[in-house]
Amino acid sequence: MSEETKSLNFIEHIIEEDLANGLSKDKLRFRFPPEPNGYLHIGHTKAIGISFGLGEKYNAPVNLRFDDTNPAKEEQEYVDAIKRDVAWLGYKWANELYSSDYFQTLYDWAVQLIKDGKAYVDSQSSEAMAEQKGTPTQPGVDGPYRNRTVAENLDLFERMKNGEFDEGEHILRAKIDMQHPNMLMRDPIMYRILKKDHHRTGDTWCIYPMYDWTHGESDYIEQISHSLCSLEFKPHRELYDWFKEHVYDYAANTLPMLPKQREFARLNLSYTIMSKRKLLKLVQEGIVSGWDDPRMPTISGLRRRGYTPNSIRQFIEKVGVAKRENVIDVSLLEFCIREDLNKTAPRVMAVLDPVKLVITNYPDDKEEWFDAENNPEDDSAGSRKVPFSKALYIERADFKEEASSKFFRLKLGSEVRLKNAYIIKGESVVKDAQGQITEIHCTYSTDTEKKVKGTLHWVSIKHAIKAEVREYDRLFMDEAPDSHQDKDFMDFINPNSLKVINAFVEPSLANAAIGDRFQFQRLGYFNVDDDSKPGHLVFNKTVGLRDSWAKQKPKPQQQNKPQQPQQKRPAIEVIKQLGKKYTNLPEAKQERSKAEILKLAESVRYEDLQPLFNTAAKKVGTRIATMITLGVLLKNGHERNAEIEAFIEKALDDKNELLVTEAKAI
RNA sequence: UGGCCUAUGGUGUAAUUGGCAACACAUUGGUUUUUGGUACCAAAGAGUCUAGGUUCGAUCCCUAGUGGGCCAACCA
């Protein structure tokens with residue numbers, strides 16, 4: 001996959017086209033405009049990746065602009081967190097900017113708009129205004145204040161600014177068209193009175209501009225060439241352009257470039273939610289420990305979980321950019337982090353579910369320190385020493401008294417390799433009163449050259465360090481927890497998403513520092529959690545290794561999946577589709593196809609089938625499927641008529657033998 | 001009773017804008033392996049939502065339909 005063969009996404013096509021049409025490359029400028037009302041999540045990473053990625057690709061500046069026009073919801077804490085997260089992802093913004101920087105300019109332009117008769121002060125209740133606004137299917141009507149004089153509007157607006165009115169008494173609206181098919185164009189609100197302190201402007205302002213008025217004009221002030229946002233802002237584009245074109249009249253000399261808004265589909269990840277409001281609820285209700293809980297889809301959560309910036313950037317690149325709704329499977333994210341960590345994470349040995357293993361023919365007091373390779377993927381990673389002794393821990397799941405030959409691990413009477421050490425043979429077990437295995441007894445052999453099927457990881461009991469390991473499962477048990485109209489996303493919370501394990505790790509980990517990432521061999525990737533302290537190591541499981549052994553086992557119970565995703569499509573639609581492919585299929589599949597059509601045909605009504613009689617002659621497959629279906633209808637007692645006869649007649653004359661055969665059969 | 005967007009293997013994204021539907025993930029099999037990991041090889045899986053049209057030729061253009069999404073906060 002070389003850089004030059006990579007195809008462009010639709011936004012890049014637009015930019016290339018603009019460049020081809022004379023836009024100078026040095027005019028390219030992008031922005032990422034978060035509202036500082038919450039933490040960034042993996043969904044934002046897509047927007048970040050698109051705009052900053054474009055900046056890197058075209059060597060163009062990208063601004064980080066905080067869209068801070070609602071003092072009721074925004075806080076400095078979030079500004080700081082957002083900056084930290086964007087920087088952590090490895091992106092550099094050209095300027096750190098705030099919409100609130102433009103409050104004065106915006107105000108001046110609003111006054112101009114009033115003077116030009118393009119904006120007016122409305123003094124109704126929000127309920128009254130909502131009523132006049134109409135619905136998506138019904139036009140709105142003009143309100144009583146729509147035709148106030150310019151002088152009156154100017155006076156009122158200034159007094160709004162001066163704090164003479166209470167919240168809700170007046171608002172400023174753009175004067176566009178109350179009958180417009182796009183509801184956003186029905187005299188949208190530009191300013192509202194909000195007597196709240198703003199995290200940056202304090203009490204300087206008591207009127208605050210709305211998103212639509214602020215956002216586009218901020219783009220314009222910053223001379224952004226391409227303003228990229230998610231699909232739900234598509235209806236706003238018309239308003240974005242309206243404001244932009246009017247303001248252009250006031251500032252064309254100093255601000256020549258008109259920005260262009262384009263929209264892409266936001267990222268959805270299976271089994272997770274992306275709404276800031278809902279994520280906040282998880283935090284507030286204590287479902288998670290905070291915004292950076294390793295189960296959270298926030299950037300800070302992923303960071304704490306052990307994800308690398310590189311893995312997340314890779315993920316965003318693989319996800320692509322388009323305009324259709326999508327749900328990306330978490331397995332892609334997991335692939336990206338595994339791919340990255342496989343190359344970089346040092347390997348160590350840790351036992352999460354220990355069972356004692358005693359090597360009976362090994363001297364009681366002896367200990368040996370073996371060389372262990374740190375990373376087979378990285379020659380420069382070197383090696384370390386691991387201690388070996390008579391009593392070890394191995395994973396409980398790595399031993400069975402008896403098992404089939406498919407089980408490559410330790411069983412009685414057969415041999416496995418202990419990673420970096422000797423080959424051992426299972427001899428006997430010790431069990432407690434409940435029949436639970438408490439000790440496995442083995443003998444070892446020093447011939448490490450011989451071939452054995454399995455290799456186990458282990459730790460020496462005497463040398464092992466205790467560690468807390470936190471293993472995470474998905475937070476929600478539903479693939480799309482917030483897309484059910486009848487159920488709340490909170491209903492799908494997985495009660496067992498966190499499992500705390502007391503594990504034993506090799507002594508080289510004694511000085512592991514917060515944030516360090518490791519591969520626990522044969523288990524997965526783990527990092528040192530922020531809660532870790534000297535003497536009390538805490539690890540997070542970032543992700544498991546691919547495990548083709550584990551996949552084999554759950555097969556018998558996999559039956560509970562709904563076999564047929566319940567055909568919602570009408571039978572006739574399915575038949576049409578089957579027909580389309582029919583002639584291209586090998587004979588065996590044709591048989592199957594036909595059988596299916598015959599079955600589906602039972603639930604087809606004549607009225608639905610009849611239009612297909614006119615199918616173009618060249619679409620033989622569709623005609624065959626139609627013929628087969630017709631046969632079933634006739635057999636079930638439908639009467640022949642002129643159009644049926646005509647259809648059959650025509651088919652009998654066809655070049656295609658399959659069609660002729662089916663026609664004859666009727 | 002409207003407007004806008006969208007439809008390509010299980011998932012996501014492509015197809016030099018009208019010319020043999022490709023890539024990645026996932027799946028299955030195999031080789032290598034002191035990680036049932038990695039790497040490598042291979043297989044299977046869509047004929048592009050439906051119908052009609054233009055064309056020598058349509059995933060791409062046009063029309064209609066169907067499915068999905070978005071739009072009625074003094075939020076962004």
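Naming: A, B, ... by sequence-line order, numbering from 1 per chain.
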Just N and O in the side chain of [X]: are any of them under 4.0 Å from OP1 or OP2 of [N]?
X	N	answer
R237(A)	G3(B)	no
R192(A)	A76(B)	yes
H13(A)	U13(B)	no
K323(A)	U6(B)	yes
S548(A)	G37(B)	yes
R347(A)	G37(B)	no
T69(A)	A76(B)	yes

Report task. Using a heavy-atom cut-off of under 4.0 Å over every strand shown, decide if P376(A) touches base, sugar-phosphate, or nothing. Result -> base
Query raised in the report: So what does K419(A) hit on the nucleic acid, given a heavy-atom distance under 4.0 Å: a base, only sugar-phosphate, or nothing?
Result: base
As a test of reading the structure: which of [options] is closest to the side chain of [X], going by heavy atoms?
X	options	answer
F407(A)	G36(B), U38(B), C74(B)	G36(B)
S331(A)	C25(B), G36(B), U35(B)	C25(B)
N70(A)	U34(B), A76(B), U38(B)	A76(B)
Y211(A)	C25(B), A76(B), U35(B)	A76(B)
N326(A)	G12(B), C5(B), U38(B)	G12(B)
L545(A)	A26(B), U34(B), U35(B)	U35(B)

Requested in this report: Before giving the answer on side chain to side chain donor-acceptor pair (under 3.5 Å), spell out for Q261(A) and Y240(A) the whole-Å C-alpha distance, their side-chain angles and the decisive distance to 0.1 Å.
Outcome: CA-CA 8 Å; Q261(A) 174 180 304; Y240(A) 182 100; 5.3 Å; no
Query raised in the report: How would you list, by chain and number, every residue that makes a side-chain hydrogen bond (donor to acceptor under 3.5 Å, both in side chains) with D371(A), sequence neighbours excluded?
Result: K385(A)
Between the base of [N] and the side chain of [X], is there a donor-acceptor distance below 3.5 Å?
X	N	value
E377(A)	G37(B)	yes
R338(A)	G37(B)	no
E373(A)	U34(B)	no

Would you mind reading off the distance between [X] atom [atom1] and [N] atom [atom2], rounded to a whole angstrom?
X	N	atom1	atom2	value
K450(A)	U34(B)	NZ	P	15 Å
H198(A)	C75(B)	NE2	P	13 Å
L410(A)	U34(B)	CG	C1'	16 Å
F315(A)	U13(B)	CZ	P	12 Å
Q138(A)	G3(B)	CD	P	14 Å
R409(A)	G37(B)	CZ	C1'	12 Å
K453(A)	U34(B)	NZ	C1'	13 Å
R417(A)	G37(B)	CZ	P	16 Å

Query raised in the report: When the ring planes of F103(A) and Y208(A) are compared, do they come out parallel, tilted or perpendicular, using 30° and 60° as the limits?
Result: perpendicular
Query raised in the report: Parallel under 30°, tilted from 30 to 60°, perpendicular over 60°: which one fits the rings of Y107(A) and F157(A)?
Result: parallel
Report summary line: The salt bridge (charged side-chain N to carboxylate O under 4.0 Å, His left out) partners of K276(A) (sequence neighbours excluded) come to none
Query raised in the report: Listed by chain and number, what are the salt bridge (charged side-chain N to carboxylate O under 4.0 Å, His left out) partners of R173(A), not counting sequence neighbours?
Result: D122(A)
Same-atom distance ([atom1]) from [N] to [M], integer angstrom:
N	M	atom1	result
U59(B)	A7(B)	C1'	11 Å
G52(B)	A46(B)	P	23 Å
U38(B)	U28(B)	P	13 Å
G19(B)	U48(B)	C1'	16 Å
G9(B)	A26(B)	C1'	11 Å
U11(B)	U27(B)	P	15 Å
G67(B)	C49(B)	P	16 Å
U32(B)	U13(B)	C1'	32 Å

NZ/NE/NH1/NH2 to OD/OE distance under 4.0 Å, [X] and [Y]:
X	Y	value
R522(A)	D547(A)	no
R347(A)	E373(A)	no
D378(A)	K343(A)	no

Requested in this report: Classify the glycosidic conformation of G57(B) as syn or anti, calling it syn when the angle lies within 90° of 0.
Outcome: anti
Requested in this report: Name the orientation of the base relative to the sugar in U17(B): syn if the glycosidic angle is within 90° of 0, else anti.
Outcome: syn
Measure all distances between protein nitrogen or oxygen atoms and nitrogen or oxygen atoms of nucleotides 69-73 of chain B, and list the pairs falling under 3.5 Å.
residue	atom	partner	partner atom	Å
G69(B)	O2'	E325(A)	OE2	3.0

Requested in this report: Under the side chain to side chain donor-acceptor pair (under 3.5 Å) rule, what do Y211(A) and N70(A) come out as? Steps first, then yes or no, please.
Outcome: CA-CA 9 Å; Y211(A) 165 83; N70(A) 185 0; over 6 Å; no
Query raised in the report: Given that I328(A) and Q124(A) both sit by RNA chain B, which one's nearest nucleotide is further toward the 5' end?
Result: I328(A)
Query raised in the report: Start at the 5' end of RNA chain B and walk down; is the nucleotide closest to G320(A) or to Y525(A) reached first?
Result: G320(A)
Report task. Indicate, with yes or no, if the rings of F66(A) and Y78(A) have centres closer together than 6.0 Å. Result -> no
**Report entry** Aromatic centroids of Y393(A) and W458(A) separated by under 6.0 Å
**Finding:** no
Query - Watson-Crick and G-U pairing of RNA chain B written in dot-bracket, each distance under 3.5 angstrom, with | for inter-strand partners - result: .((((((..((((.....[..)))).(((((.......))))).....(((((..]....))))))))))).....
Query raised in the report: With F518(A), which residues qualify under ring pair (Phe, Tyr, Trp, His ring centres under 6.0 Å), at least two apart?
Result: none
